[in-house]
Amino acid sequence: MADRVHRITMFKAPKPEDQQKLIAEYKVVNAKAQRNGAPYILSLTAGVAEADPRSNGFTVVAKTEFANLDDMMYYDNECKAHQDLKAAAKGLTIEGIQTVYFTPQVVAEKQ
């Protein structure tokens with residue numbers, strides 16, 4: 001997990017129906033995203049953020065993990081499933097999007 005590229009995208013989608021549409025689009029990405037005929041996203045998690053002042057208005061959060069930066073760049077620029085998600089998002093009320101990615105320097109897991 002430490003060598004994976006972790007990507008976090010947050011959306012400011014104030015309408016609950018738009019939040020659910022984004023979640024539905026991530027389900028499609030999870031089912032359809034392929035590179036060279038095979039799934040390449042190592043992990044995908046998405047959900048509605050808990051109401052909290054620290055969220056700064058971000059309401060939907062998605063976390064994806066990729067084997068390397070090349071796979072993440074493919075996701076950004078070429079993946080049909082991700083392009084479809086972006087197109088669908090343009091039809092929703094979204095007041096802001098923030099994306100960051102990183103390779104972990106600390107990994108701690110508890111069972």
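- Between R4 atom CZ and M72 atom CE the span is 15.5 Å, to the nearest 0.5 Å.
- Nearest heavy-atom pair, A67 versus L42, reported as atom, atom and distance to 0.1 Å: N-CD1, 3.4 Å.
- Across K12 and T59, no two heavy atoms sit closer than the pair C-OG1, 4.0 Å.
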Quiz item: Checking side-chain contact (heavy atoms from CB on, under 4.5 Å) for the pair I41/N30: CA distance, chi angles, key distance, verdict?
Solution: CA-CA 8 Å; I41 298 173; N30 189 52; 5.7 Å; no

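- Using a 4.5 Å cut-off between side-chain heavy atoms of Ile, Leu, Val, Met, Phe, Trp and Tyr, with links allowed through other members, V5 and V100 fall into different hydrophobic clusters.
- Closest of all the heavy-atom pairs between A13 and L22 is CB-CD1, 4.1 Å.
- Taking both residues in full, the closest heavy atoms of S43 and T45 are given as OG-OG1, 4.1 Å, listed atom of the first, atom of the second, then distance.
- No path of Ile, Leu, Val, Met, Phe, Trp and Tyr side chains, each step under 4.5 Å between heavy atoms, connects Y101 with V61, placing them in separate hydrophobic clusters.
- Residues A89 and I94 approach most closely at O-CD1, 3.6 Å, considering heavy atoms.
- A salt bridge links D76 to R7: at least one charged side-chain nitrogen sits closer than 4.0 Å to a carboxylate oxygen.
- Using a 30° and 60° split on the angle between ring planes, H6 and F102 fall in the parallel class, below 30°.
- Heavy-atom neighbours of K80 NZ from other residues, nucleotides or ligands within 6.0 Å: at or below the threshold of 12.
- Atom CG in L44 sits 6.0 Å away from atom OH in Y75 (nearest 0.5 Å).
- At a threshold of 4.5 Å between non-hydrogen side-chain atoms, the residues T9 and I97 count as touching.
- Rounded to the nearest 0.5 angstrom, T93 OG1 and F11 CZ are separated by 13.5 Å.
- Residues that satisfy the side chain to side chain contact (heavy atoms under 4.5 Å, CB included) test with D70, not counting sequence neighbours, are R35, N68.
- Around atom CZ of F58, more than 12 heavy atoms belonging to other residues, nucleotides or ligands sit under 6.0 Å away.
- Considering all non-hydrogen atoms of both residues, Q34 and P39 come closest at CG-N, 4.1 Å.
- More than 12 non-hydrogen atoms from other residues, nucleotides or ligands lie less than 6.0 angstrom from CD of E17.
- Applying the side chain to side chain contact (heavy atoms under 4.5 Å, CB included) test to V48 and every residue at least two apart in sequence or in another chain returns Q19, Q20, I23.
- Going from atom CZ of F66 over to atom CE of M73 covers 10.5 Å, rounded to the nearest 0.5 Å.
- Rounding to the nearest 0.5 angstrom, the gap separating the NZ atom in K21 from the CG atom in L92 is 6.0 Å.
- Residue E95 holds its CD atom at 9.5 Å from NZ of K15, rounded to the nearest 0.5 Å.
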